[in-house]
Amino acid sequence: MNIEQYLNQEIHKALERIFEQEIDPKQVQIQRTKADFEGDFTLVVFPLLRLAKTKPEDAAKRIGDFLVEKSVVFDRFNVVKGFLNLTLSHGFWLNALQDIVQQPDFGFAEKGSGKKIMIEYSSPNTNKPLHLGHIRNNLLGYAVARILEACGNEVVKVNLVNDRGIHICKSMLAWQRWGEGKTPSDLGVKGDKLVGDFYVRFDQEYKKQIEALKQEGKTEDEAKDQAPLILEAREMLRKWEDRDSEVMKLWEQMNSWVYEGFDETYNRLGIEFDKVYYESDTYKKGKELVLNHLEKGLLKKKEDGSVWADLTEDKLDEKILLRSDGTSVYMTQDLGTAVQRFADYDIDQHVYVVGNEQDYHFKVLSLILKKMGYEWATQLFHLSYGMVELPSGKMKSREGTVVDADDLIDTMISTAAKASADSGKLEGMSQSDIAYVHNIVALGALKYFILKVDPKKNMLFNPEESIDFNGNTGPFIQYTHARIRSLMRKADVENQLPQFPLSIDLQPKEQELIQQFGHFPNVVAEAGKSMNPGFVANYLFDLVKTFNQFYHDHSVLNETDEDVRNLRLSLSWQTGQIIKNGMWLLGIDVPERM
RNA sequence: GGUCCCGUAGCUCAACUGGAUAGAGCAACAGCCUUCUAAGCUGUAGGUUCCAGGUUCGAGUCCUGGCGGGAUCACCA
């Protein structure tokens, strides 16, 4: 139990005694007191006026008198309008710190107390390298997975790779024709880049053919439909579906190149999966499910043989589930995999990290499953996130404005290296240690920059200005951690913390720090509930600011009063622990030095 | 056009989900390196929270209607 929960409980009990009746916990609103007012926590008395039947000020005073008189926790109070500002005793704060220090993993709920949750994220196409949009997806998915885990849930992280379809055939065909048999290692490029390049090549050649056909008098649509390249690509897809051995071989080879490239990028980003699904294995799933429900009369078949779900009574359109040739569409696959995953893994919830352009898709998905009678249909959660926009607008591959994930990471690392060299703080360290620090600082900057923004909002990314290392940034938080670790080394208390006495005066900023320590579990819970890592990011920034403000003016090592010195060392150590834990939730490493 | 999301300082974002005088960081200006790491700290300046109504003790937050931006409404995935 953290500080806020404890106070809530105590005050709730007191209120029931004062008003001699049961009180809805929702009416007990306790918040941290605003900086401009005296006090630590504030009780909002407006919701209680119906019980008190007096003016707000009088009710607040009555409650304040009672609390201060009956409990040693509350030292004094003041009343401003309907706000009861309570100041807690020093003893309470010191006890709270004592409790917090004794819980090494504090903020993290006990394992096994929660639900089993599957989270799907990343989900790339194999014909394009990862770009900035994927980075937001990957970072969000990974951070949310860790936060859910910290909230006591068992989490299964999965990736669904789109490795089939006409777009893959385009890359394959282009490579076959113009690739001269050269592999990624022959050319010295990443596999995913190579395949992406041939996808682009296909498109270029395809356009030339379309132009040529238009010169011959065909319409745009006819030209698009009849160009030799597209016909060949379709033929290749047919062969793929017939498991033609030559096509399969090519497909497997080119995919393996892509996966190698993806894995490298995932590694650099520091993200991972418990299981990878491939659409080539799952794309037929769902057909049987649809046919079953067709028999039951839930779905209907049109004259041409296509199967539809009628959602008009839910104010949505009709949705096709099987084409007239009997094949599955995207929705059908997702229906099938959802049913299978809930059965195979016995999960309670399923989170999909997918961009907001698919809001409609997921709305329909859970609606259809609900109509099919699956109780867990309401437990599908679409973690919908906004676009990453550039100063020039949206990323468009045709205009070459796509920000490539690997290029971006490279840029970040060289920027971090330069900033680091300018400061000269890493002198004397080995090259590999220095490279390690540059790497985690660069990625810390990138990850924090993206995660601090509310997922559902579109966000702006300016690659030219790159990312700051000052202010509300990952490196600022990492830097504070490095300084705290340095302090611990110099004080020689790394492994055992000194005990501090329980009778010592606390400075306001010291109380504020302890308050923030106690708030951390709430932040983690809130981040889990709303699947918003931004809560954690912004909390860490607040904490670090408070720490820096205070410690800039107070030397710990030169402190002669041993009690004060021990207390401040403890507060520093604790701040370092929370930074480490909090950044871990975001998937960001913290260095010992930087 | 229907539906969904967004609109907060010059810029990028917060605001503990209905609480007090809307806060940070960039950028600008003025200070602080004999002081545990200056990737830091302290100040100054910057606001009709898109507009208009409504709900109530209280609205950036909730409801209605506008305006602006984005997404989506495929036998693509």
Side-chain angles (χ1 to χ4, degrees), chain A residues 4 29 31-37 42 44-47 49 56 80-83 85 123 125 162 164-167 279 283 302 304-308 315-317 319-325 327-331 333-334 355-361 363 384 386-387 389 391 394 416 419-420 422-423 425 441 445 449 452-454 456-462 465 468-473 475-480 482-491 519 522-523 526 529-530 534-535 537-539 541-542 544-545 548-549 551-559 568-569 572 593-594:
Chain A
E4 285 169 50
Q29 292 181 27
Q31 54 194 251
R32 289 192 278 167
T33 302
K34 288 223 162 194
D36 304 330
F37 299 91
T42 297
V44 184
V45 300
F46 289 111
L49 291 182
V80 181
K81 291 193 268 181
F83 298 93
N85 299 323
S123 307
N125 286 338
N162 179 359
R164 63 166 287 277
I166 190 79
H167 48 283
E279 272 195 21
Y283 78 105
K302 291 199 176 174
D304 61 4
S306 55
V307 178
W308 297 73
K315 295 183 178 176
L316 298 172
D317 287 331
K319 182 75 196 173
I320 189 160
L321 295 179
L322 289 178
R323 297 189 186 99
S324 46
D325 64 4
T327 55
S328 295
V329 296
Y330 178 41
M331 180 63 72
Q333 291 175 44
D334 267 5
N356 63 9
E357 71 270 15
Q358 293 196 33
D359 285 355
Y360 182 73
H361 172 81
K363 209 167 158 182
S384 162
M387 309 270 110
E389 285 162 5
K394 286 164 60 180
S420 170
D422 289 348
S423 80
K425 283 169 186 155
V441 169
F449 184 87
K452 75 175 179 193
V453 182
D454 188 338
K456 74 179 173 205
K457 289 188 179 178
N458 287 0
M459 64 177 291
L460 190 103
F461 185 90
N462 189 341
E465 292 173 13
D468 275 339
F469 291 76
N470 304 321
N472 187 359
T473 65
F476 169 57
I477 294 167
Q478 289 172 319
Y479 177 68
T480 302
R483 261 174 35 215
I484 289 171
R485 298 303 302 158
S486 169
L487 175 62
M488 292 299 141
R489 282 192 297 271
K490 291 193 174 167
H519 191 52
N522 290 351
V523 170
E526 189 65 27
K529 214 173 80 186
S530 55
F535 282 111
N538 286 299
Y539 161 85
F541 179 65
D542 275 353
V544 165
K545 253 188 96 74
N548 281 350
Q549 284 165 4
Y551 278 82
H552 204 268
D553 297 333
H554 296 83
S555 171
V556 173
L557 293 177
N558 295 335
E559 177 58 56
R568 289 182 182 169
L569 275 175
S572 304
R593 298 163 211 263
M594 68 181 273

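Computed from a prediction, not measured in an experiment: that's the story for all the values here. Order of the sequence lines sets the chain letters (A, B, ...), proteins ahead of strands, with each chain counted from 1.
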(request) Please state whether the phosphate of B:G40, meaning OP1 or OP2, lies under 4.0 angstrom from any side-chain nitrogen or oxygen of A:Asn548. (result) no

(message) Need one value for A:Ala491: base, sugar-phosphate or nothing, where a base atom within 4.0 Å counts as base even if backbone is also close, heavy atoms only.
(response) nothing

(message) Please classify B:U42 as syn or anti, treating any glycosidic angle within 90° of 0 as syn.
(response) anti

(message) Is there a side-chain contact between A:Asn458 and the phosphate of B:G69, meaning an N or O under 4.0 Å from OP1 or OP2?
(response) no

(request) Could you check if the base of B:C62 is syn or anti? Syn means the glycosidic torsion is within 90 degrees of 0. (result) anti

(message) For A:Lys302, I'd like to know if atom NZ has over 12 heavy atoms of other residues, nucleotides or ligands within 6.0 Å.
(response) yes

(message) Does the structure show a Watson-Crick or G-U wobble partner for B:C67, both distances under 3.5 Å? Name it, or say none.
(response) B:G7

(message) Before you tell me yes or no, could you show the steps for A:Val329 and A:Arg323 under side-chain contact (heavy atoms from CB on, under 4.5 Å), namely the whole-Å CA-CA distance, both residues' side-chain angles and the distance that decides it to 0.1 Å?
(response) CA-CA 7 Å; A:Val329 296; A:Arg323 297 189 186 99; 3.9 Å; yes

(message) Between the base of B:U72 and the side chain of A:Gln358, is there a donor and acceptor pair under 3.5 angstrom?
(response) no

Using nucleotides 31-35 of chain B, report all nitrogen or oxygen pairs with the protein that are shorter than 3.5 Å.
none

(request) Answer yes or no as to whether B:G58 has its base stacked against A:Phe46, where stacking requires a ring-centre separation under 5.5 angstrom and planes under 30 degrees apart. (result) no

(message) Does A:Arg32 have more than 12 heavy atoms from other residues, nucleotides or ligands lying within 6.0 Å of its CZ?
(response) yes

(message) Pairing check on B:U12: which nucleotide meets the Watson-Crick or G-U wobble criteria with it, both distances under 3.5 Å?
(response) B:A24

(message) Under 4.0 Å from OP1 or OP2 of B:U21: is there any side-chain N or O of A:Lys81 that close?
(response) yes

(message) Please confirm whether the shortest side-chain N or O distance from A:Arg323 to OP1 or OP2 of B:C76 is below 4.0 Å.
(response) yes

(request) Please determine, for B:U42, whether a Watson-Crick or G-U wobble partner exists with both distances under 3.5 Å, and give it or none. (result) B:A30

(message) Using the P atom as the point on both nucleotides, what is the distance between B:C32 and B:A38, in whole Å?
(response) 16 Å

(message) Please confirm whether the shortest side-chain N or O distance from A:Lys457 to OP1 or OP2 of B:G7 is below 4.0 Å.
(response) yes

(message) So for A:Asn85 and B:A20, does any side-chain atom that can act as donor or acceptor lie under 3.5 Å from a complementary atom in the base?
(response) yes

(message) Quiz question: by atom type and distance under 3.5 Å, do the side chains of A:Tyr330 and A:Gln358 form a donor-acceptor pair?
(response) yes

(message) Please give the distance between the P atoms of B:A24 and B:C16 as a whole number of Å.
(response) 15 Å

(message) Quick check on B:C5: is either OP1 or OP2 less than 4.0 Å from any side-chain nitrogen or oxygen of A:Lys456?
(response) no

(message) By nearest heavy atom, map A:Leu316 and A:Ser423 onto RNA chain B; which one lands nearer the 5' end?
(response) A:Leu316

(request) Please name the pair of heavy atoms, one in A:Val441 and one in A:Ala416, separated by the smallest distance, quoted to 0.1 Å. (result) CG1-CB, 4.2 Å

(message) Quick test of the criterion, 5.5 Å between centres and less than 30° between planes. Is A:Phe541 stacked on B:A24 or not?
(response) no

(message) Using heavy-atom distances to pick each residue's nearest nucleotide on RNA chain B, tell me which of A:Val80 and A:Asn472 is more 5'.
(response) A:Val80

(request) For A:Met459, answer base if it contacts any base atom (sugar-phosphate contacts may also be present), sugar-phosphate if it contacts only those atoms, and nothing otherwise; contact means non-hydrogen atoms under 4.0 Å. (result) sugar-phosphate

(request) Measure the distance between the ring centre of A:Phe83 and the centre of the six-membered base ring of B:A20, then answer whether it is under 5.5 Å with planes under 30°. (result) yes

(message) Looking only at side-chain N and O atoms, does A:Thr473 offer a donor or acceptor that is under 3.5 Å from a partner on A:Asp468?
(response) no

(message) When both hydrogen-bonding distances must be under 3.5 Å and the geometry is Watson-Crick or G-U wobble, what is B:C57 paired with, if anything?
(response) B:G19

(request) Please examine the side chains of A:Lys34 and A:Thr42, heavy atoms only from C-beta on, and report whether any two atoms are closer than 4.5 Å. (result) no

(request) Would you mind reporting whether A:Ser328 and A:Tyr283 have side-chain heavy atoms less than 4.5 Å apart? (result) no

(message) Whether A:Lys452 contacts B:G25 is assessed here as follows: a side-chain N or O lying under 4.0 Å from the phosphate OP1 or OP2. Is that the case?
(response) no

(request) Output yes when at least one side-chain N/O atom of A:Gln549 is less than 4.0 Å from OP1 or OP2 of B:U42, else no. (result) yes

(request) Using Watson-Crick or G-U wobble geometry with both distances below 3.5 Å, tell me the partner of B:U72, or none. (result) B:G2

(request) Check whether any side-chain N or O of A:Lys490 sits under 4.0 Å from OP1 or OP2 of B:U37, and answer yes or no. (result) yes

(message) Centroid separation under 6.0 Å, is that true for the rings of A:Phe469 and A:Tyr479?
(response) no

(request) Looking only at side-chain atoms of A:Arg483, point me to the closest of B:G40, B:A20, B:A77. (result) B:G40

